[in-house]
Undergrad: 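Submitted below is the structure of interest, expressed as structure tokens.
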Amino acid sequence: MRAIFALVDCNNFYASCERVFNPKLEGQPVVVLSNNDGCIIARSNEAKALGVKMGAPFFQVRDFLREHAVHVLSSNYALYGDMSHRVMTILHRLEPDVEVYSIDEAFIRFTQARNQSLVACAHSLRTVVRRETGIPVSIGIGPTKTLAKLANRLAKKDASWDGVLDISSHPDPDSLMASVEVGDVWGIGHKSAERLKASGISTVLALKDVDPSWMRRHFTVTGFRTVMELRGVAMVPMEEQPPDRKSVACSRSFGERVRSLAELNEALSSHVATAAQKLRSQGLVASCLNVFLMTARLAGDNVHFTDNRTVELPEASSHTPTLIHYALGCLKGMFRQGTDYRKIGVVFTGLVREALASRQPTLFDPGRSDRMDSLMKTVDQVNARWGRNTLRFGAMGFGGRWQMKQGRKSASFTTRWDELPLVRAS
DNA sequence: TCTGGGGTCCTAGGACCC
DNA sequence: TCTGGGGTCCTAGGACCC
């Protein structure tokens, strides 16, 4: 049997997560804001129907949202991450070949013969996920990942499919492709869509029928792959064991403008601590560290000035105090008095598996790195049990103007004991 | 006043080498 | 005034994804 791909995609994921713990939001327009309550990053169907645009700056649509009684929430990534994990666990339980593609999407490869149709299998997956998590999903099926993505999009848009569409069993796939804009294909972004349209290619069907070598010439190998995938030739394989990350980063815009080195130090230390924890959770150590700094928009100018410094560490590490030390060194070299800053961040690169990293015992204190390891392990365990930042490093401070604005956040229902939802029987 | 954050891949161009 | 061919490595920037 030829491999068939399915894409399972959670509907309006962030809005759906909020609804699971706040059923009053059911049937209501809901939007979720980016960090710092900056712009809109998720919308319920009702909000989409009102014409609320993805990525719209919140301050521009605030009045409109109020007039239409739209529920506005700050993002709650602890909740979404945990709900995502629950959904993915179910998929892994029910299917052998699963690739978690993003926080709300997974590819499944159907290879074995089944006594049910694939569409029937997909419907039962959908039912189980809904019953056990409360999250609605749509499933698209096709001979390539790109076609599965397309099928998913169609399944979501047209309620008559009841959440599942197998594009290869459709009597007229060309008519489906003709109904979708070229920019809606996986891999064709804003810029490429514009250029394709300028060449008279405006639908998915037209893109499928483009000469692949022309595509290769004008849109590089990625464009070529997309055309082949639309023709049913699989060029993007499953990745069930995701390769190790090549970089790990943490950055945030400030809640308010920041001018003092002391505050920058605190913010940067916090971001380093977050990113270092991410390194440890994946068993990685970094050999290189980059700090970047972004100024506020200059008056009458639309560009942000950014500066960055990179330092190579003498020894690859995931030890928070060590990494904070080097990061603060980079910052000190960049800081300019009298400048309004808006964002700071850290990027770790040159990542290697901790087990493979060569450890040079320090001549005068050979047990030092072992002690650092067990300290970090303890910190991680305490924070996992009692909540983020229960144990923290002095350099991180206790929050100031640099902390982001999140005025409308729901509780961490599933990840903090003190925020568990209460159920009262009467 | 107010527009997120974290990733990956690809290409062009420069430096360098033989 | 002329000025090869081929290779590697690195970086910056662009484009894309969610």
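In what follows, every chain begins at residue 1, and chains take the letters A, B, ... in the order their sequences are listed.
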Undergrad: Just how far, in rounded Å, is P of dA15(C) from CE of M215(A)?
TA: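 Rounded to the whole Å, the gap is 14 Å.
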
Undergrad: To the nearest Å, give me how far apart CG (N36(A)) and P (dG6(B)) are.
TA: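 My rounded result for the distance is 12 Å.
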
Undergrad: If you measure only the distance, is there a donor-acceptor pair under 3.5 Å linking the side chains of T146(A) and T144(A)?
TA: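 The criterion, which ignores hydrogens and geometry beyond distance, is not satisfied for T144(A) and T146(A).
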
Undergrad: Describe the nucleic acid contact of L33(A) in one word from base, sugar-phosphate, nothing, applying a heavy-atom distance below 4.0 Å.
TA: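 Since no nucleic acid heavy atom lies under 4.0 Å of L33(A), the category is nothing.
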
Undergrad: K145(A) and salt bridge (Lys or Arg N to Asp or Glu O under 4.0 Å): which single residue from E99(A), E229(A), E239(A) fits?
TA: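 Going through E99(A), E229(A), E239(A) one by one, the salt bridge (Lys or Arg N to Asp or Glu O under 4.0 Å) with K145(A) is satisfied by E99(A) alone.
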
Undergrad: Is it the case that the ring center of W186(A) lies less than 6.0 angstrom away from the ring center of F107(A)?
TA: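 That pair passes the under 6.0 Å test.
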
Undergrad: Using whole Å, report how far CD of E239(A) lies from P of dT8(B).
TA: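 Rounded to the whole Å, the gap is 11 Å.
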
Undergrad: Would you mind reading off the distance between Y77(A) atom OH and dG7(B) atom P, rounded to a whole angstrom?
TA: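 It is 13 Å, rounded to the nearest whole Å.
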
Undergrad: Respond yes when some side-chain nitrogen or oxygen of K343(A) is under 4.0 Å from OP1 or OP2 of dG6(B), and no when none is.
TA: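 No, because none of the side-chain N or O atoms of K343(A) sits under 4.0 Å from OP1 or OP2 of dG6(B).
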
Undergrad: Give one of base, sugar-phosphate or nothing for E105(A), where a contact means two heavy atoms less than 4.0 Å apart.
TA: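 Answer is sugar-phosphate: E105(A) comes under 4.0 Å of backbone atoms only.
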
Undergrad: Tell me whether the OP1 or OP2 atom of dT11(B) has a side-chain N or O from R216(A) closer than 4.0 Å.
TA: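 The answer is yes; a side-chain N or O of R216(A) sits under 4.0 Å from OP1 or OP2.
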
Undergrad: Heavy atoms only, 4.0 Å cut-off, all strands: where does K246(A) land among base, sugar-phosphate and nothing?
TA: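 Sugar-phosphate: the residue K246(A), judged by heavy atoms under 4.0 Å, touches backbone atoms but no base.
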
Undergrad: Think R257(A) has a side-chain N or O under 4.0 angstrom from the OP1 or OP2 of dC2(B)?
TA: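 So the side-chain polar atoms of R257(A) do come within 4.0 Å of the phosphate oxygens OP1 or OP2 of dC2(B), strictly under.
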
Undergrad: Rounded to the nearest Å, what distance is computed from the CE atom of residue M294(A) to the C1' atom of nucleotide dG6(B)?
TA: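 One finds 13 Å between C1' of dG6(B) and CE of M294(A), rounded.
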
Undergrad: What is the base-pairing partner of dG5(C), counting Watson-Crick and G-U wobble geometry with both distances under 3.5 Å?
TA: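 By the stated definition (distances under 3.5 Å), dC18(B) pairs with dG5(C).
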
Undergrad: How many Å lie between CG on N35(A) and P on dG6(B), as a whole number?
TA: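 That distance rounds to 8 Å.
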
Undergrad: Base, sugar-phosphate or nothing for V100(A)? Non-hydrogen atoms, less than 4.0 Å.
TA: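 Contact class for V100(A): none.
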
Undergrad: Looking at K377(A) and D380(A), does any basic side-chain N land under 4.0 Å from a carboxylate oxygen?
TA: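 Result for this pair is no, no salt bridge flagged.
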
Undergrad: Which part of the nucleic acid, if any, lies within contact of Y101(A), taking any heavy atom under 4.0 Å across all strands shown: a base, the sugar-phosphate backbone alone, or nothing?
TA: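 Counting heavy atoms under 4.0 Å across all strands, the contact made by Y101(A) is with sugar-phosphate only.
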
Undergrad: May I ask you to decide if the ring planes of W214(A) and H218(A) are parallel, tilted or perpendicular, using 30° and 60° as cut-offs?
TA: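 Tilted.
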
Undergrad: Pair T320(A), R280(A) - check side-chain hydrogen bond (donor to acceptor under 3.5 Å, both in side chains), show working.
TA: CA-CA 10 Å; T320(A) 299; R280(A) 294 191 294 271; 2.9 Å; yes

Undergrad: Within a strict 4.5 Å, meaning less than it, do heavy atoms of the M228(A) and M215(A) side chains meet?
TA: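 No. Closest side-chain heavy atoms not under 4.5 Å.
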
Undergrad: Between R342(A) and dC2(B), is there a side-chain N or O to OP1/OP2 distance below 4.0 Å?
TA: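 No, no such contact exists.
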
Undergrad: Given dG6(B), dC18(C), dT11(B), which nucleotide is nearest the side-chain atoms of D104(A)?
TA: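 So the side chain of D104(A) is nearest to dC18(C).
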
Undergrad: In whole angstrom, give the distance that lies between atom CD of Q403(A) and atom C1' of dG5(B).
TA: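 Those two atoms, CD and C1', are 17 Å apart.
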
Undergrad: Does a side-chain N or O from K149(A) land closer than 4.0 Å to OP1 or OP2 of dC18(C), or not?
TA: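 So the side chain of K149(A) is within the cut-off, an N or O lying under 4.0 Å from OP1 or OP2 of dC18(C).
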
Undergrad: Look at T222(A) and dA15(C) and indicate whether a side-chain polar atom (N or O) is within less than 4.0 Å of OP1 or OP2.
TA: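 Answer no for this pair, as no side-chain N or O of T222(A) is under 4.0 Å from OP1 or OP2.
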
Undergrad: What is the base-pairing partner of dG13(C), counting Watson-Crick and G-U wobble geometry with both distances under 3.5 Å?
TA: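 The base-pairing partner of dG13(C), which may sit in any strand shown, is dC10(B).
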
Undergrad: Where each residue is assigned the nucleotide of DNA chain B containing its nearest heavy atom, which of S34(A) and A249(A) is assigned the position nearer the 5′ end?
TA: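 Taking each residue's closest nucleotide, the earlier one in sequence belongs to S34(A).
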
Undergrad: I want to check something: taking the side chain as every heavy atom from C-beta on, are T349(A) and N290(A) in contact at a cut-off of under 4.5 Å?
TA: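 They are not in contact (no side-chain heavy atoms under 4.5 Å apart), so the answer is no.
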
Undergrad: What integer distance in Å separates F348(A):CZ from dG6(B):P?
TA: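 One finds 12 Å between P of dG6(B) and CZ of F348(A), rounded.
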
Undergrad: Within the 4.0 Å heavy-atom criterion, would you say D37(A) contacts the bases, only the backbone, or no part of the nucleic acid?
TA: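 D37(A): no heavy atom of the nucleic acid under 4.0 Å.
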
Undergrad: Do D104(A) and Y80(A) make a side-chain contact, defined as non-hydrogen atoms from C-beta onward lying under 4.5 Å apart?
TA: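 No, side chains not in contact.
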
Undergrad: Do the side-chain N or O atoms of S251(A) get closer than 4.0 angstrom to the phosphate oxygens (OP1, OP2) of dG6(B)?
TA: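 True: S251(A) side-chain N/O within range (under 4.0 Å) of dG6(B) OP1/OP2.
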
Undergrad: Let me spell it out: for each of R245(A) and V221(A), pick the nucleotide of DNA chain B with the closest heavy atom. Which residue's pick is nearer the 5' end?
TA: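 Nearest-nucleotide comparison on DNA chain B picks R245(A).
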
Undergrad: At a heavy-atom distance below 4.0 Å, what parts of residues 190-202 of chain A sit against DNA chain C?
TA: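 Result for residues 190-202 of chain A: H190(A), K191(A), S192(A), sorted by number.
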
